[in-house]
There are 2 protein chains.
Amino acid sequence: MARAATTTDAFNAVAEPRRRQILDLLAQGERPVNDLVAQLGLAQPQVSKHLRVLREVDLVRVRDEGRQRLYRLNAEPLRPIRDWLRAYEQMWNERFDLMDTILTELSEEDSDD
Amino acid sequence: MARAATTTDAFNAVAEPRRRQILDLLAQGERPVNDLVAQLGLAQPQVSKHLRVLREVDLVRVRDEGRQRLYRLNAEPLRPIRDWLRAYEQMWNERFDLMDTILTELSEEDSDD
DNA sequence: TTGACGTATTCCGTTATGGGTATACGATTG
DNA sequence: CAATCGTATACCCATAACGGAATACGTCAA
């Protein structure tokens, strides 16, 4: 088996920085493809391909307007990511494992990669 | 260019479900590899390989204990993901897109947040 | 020492990515 | 109708993932 397809879920779709950029742009409102092309500095076909991936995981929706296609964001599929991260949030805000951290740093003097 | 390496950042590392499972298990505390192998029902080499990826993005740290290697979670690298998601959270809580919100709520009457 | 244990690494094959480039296709304009 | 615009798709290539299987390596026990 190879790596899971980018269209498997939002986790995979969003792993690509360009696609995150696209979502960020669409967060500001509906945009035609060429707008995104201009802002991203990418070639049009690549943008269309990224949009396809995002469409397949329903992170964006399209609307035809004459010869343009207006894309807009649908943040809903990001929810599972947020939900998964929830369990880890307290680990940043509180200090559960100060001791662990210290121990780790101590034992990292000889272990390397 | 091919897809970005899984070790590029937490986004990519965490796109793989198995690795998320591993982190979930480690969230409960330090564990030796064989523990993870048992819980995941995966072959040992695959687990070691996943752990390597997680190590390379610093999502886990290791500590040698005799012939075992105890892995523990380091949630810090997840932060950029959460930070990125931040901009989208309000889209669930507030109603940017009224129509979508209504539809979403209708289909979510049994789940809460 | 030898052997068993715990874990990491290597090699293989299959699959799909993402960029580049060319092109197809629908809608609009002249 | 032809030409053009806006966008999607088809191909090609280089890269690497993931699982499977075999094996290497360090540590501990007998």
Side-chain angles (χ1 to χ4, degrees), chain A residues 1-23 25-26 30-57 59-72 107-108 110-113, chain B residues 1-23 25-26 30-57 59-72:
Chain A
M1 242 168 250
R3 198 167 171 181
T6 52
T7 52
T8 300
D9 53 31
F11 279 99
N12 282 279
V14 149
E16 166 69 27
R18 305 303 206 165
R19 285 194 285 267
R20 258 175 280 148
Q21 282 181 48
I22 290 178
L23 295 181
L25 289 171
L26 293 180
E30 207 176 34
R31 296 253 158 93
V33 178
N34 269 346
D35 250 59
L36 301 173
V37 170
Q39 310 241 10
L40 294 168
L42 259 184
Q44 176 268 314
Q46 334 300 336
V47 174
S48 279
K49 280 186 275 186
H50 282 311
L51 285 170
R52 193 192 203 313
V53 172
L54 293 173
R55 246 187 297 139
E56 289 195 33
V57 295
L59 273 168
V60 300
R61 306 254 173 91
V62 218
R63 184 164 72 85
D64 286 24
E65 176 94 5
R67 50 185 169 186
Q68 306 197 172
R69 307 202 81 195
L70 301 181
Y71 279 84
R72 65 194 193 73
S107 70
E108 271 180 356
D110 52 4
S111 70
D112 269 325
D113 233 21
Chain B
M1 243 172 250
R3 199 167 170 182
T6 52
T7 52
T8 300
D9 52 31
F11 279 99
N12 283 279
V14 148
E16 165 69 29
R18 306 302 207 166
R19 285 194 285 266
R20 259 175 281 146
Q21 282 181 48
I22 290 178
L23 295 181
L25 288 172
L26 292 181
E30 208 176 32
R31 296 254 158 91
V33 178
N34 268 346
D35 250 58
L36 300 173
V37 170
Q39 310 240 11
L40 294 168
L42 261 184
Q44 176 269 314
Q46 332 301 334
V47 174
S48 278
K49 280 187 275 188
H50 283 312
L51 285 169
R52 193 192 203 313
V53 172
L54 294 173
R55 246 188 296 139
E56 289 196 32
V57 295
L59 273 168
V60 300
R61 306 256 174 92
V62 218
R63 182 164 74 86
D64 286 23
E65 176 95 4
R67 48 186 171 186
Q68 307 197 172
R69 306 202 81 194
L70 302 181
Y71 280 85
R72 64 190 201 74

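Just so it is clear: chains get the letters A, B, ... in the order the sequence lines come, proteins before strands, and each one is counted from 1.
- The list of salt bridge (charged side-chain N to carboxylate O under 4.0 Å, His left out) pairs with a residue in residues 34-48 of chain B, not counting sequence neighbours, reads B:R31-B:D35.
- Put simply, A:H50 has no side-chain N or O that comes within less than 4.0 Å of OP1 or OP2 on C:dT17.
- Taking a 4.0 Å limit (strictly below) on heavy-atom distances, residues 2-11 of chain B reaches DNA chain C at B:A2, B:R3.
- Rounded to whole Å, atom P of C:dG18 lies 13 Å from atom CG of A:L51.
- The nearest whole Å value for the distance from the CD atom in B:E16 to the P atom in C:dA16 is 15 Å.
- Among pairs with a residue in residues 42-56 of chain A, those fulfilling salt bridge (charged side-chain N to carboxylate O under 4.0 Å, His left out) read A:R52-A:E56, at least two apart in sequence or across chains.
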Pairs under 3.5 angstrom only: tabulate donor-acceptor contacts from the side chains of residues 10-20 of chain A to other protein residues two or more places apart or in another chain.
residue	atom	partner	partner atom	Å
A:N12	OD1	B:R3	NH2	3.0
A:N12	ND2	A:D9	OD1	2.9
A:N12	ND2	B:A15	O	3.4
A:R19	NE	A:A13	O	2.6
A:R19	NH1	A:H50	ND1	3.1
A:R20	NE	A:V14	O	2.8
A:R20	NH2	A:A15	O	3.0

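- Rounded to 10 degrees, the angle separating the terminal helix axes of the helix from C:dT1-D:dA30 to C:dG30-D:dC1, each built from five base pairs, is 0°.
- Residues satisfying the side chain to side chain contact (heavy atoms under 4.5 Å, CB included) criterion with A:A2, sequence neighbours excluded, are absent altogether.
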Below 3.5 Å between N/O atoms, which protein atoms pair up with nucleotides 27-30 of chain C? Just atom names and distances, please.
none

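- When distances run from any side-chain atom of A:K49 to the nucleotides C:dG20, C:dT7, C:dG18, the shortest one goes to C:dG20.
- Checked against side-chain hydrogen bond (donor to acceptor under 3.5 Å, both in side chains), B:Q21 has no partners two or more places apart in sequence or in another chain.
- In the region residues 38-46 of chain B, proximity to DNA chain D at under 4.0 angstrom, judged on heavy atoms, holds for B:P45, B:Q46.
- Listed by chain and residue number, nothing satisfies the side chain to side chain contact (heavy atoms under 4.5 Å, CB included) test with A:A38 (two or more places apart in sequence, or in another chain).
- Chain A approaches DNA chain D within less than 4.0 angstrom (heavy atoms of the protein), and the contacting nucleotides run 5' to 3' from D:dT4 to D:dC18.
- In this structure, the side chain to side chain contact (heavy atoms under 4.5 Å, CB included) partners of B:A5, at least two apart in sequence or on a different chain, are B:T7, B:T8.
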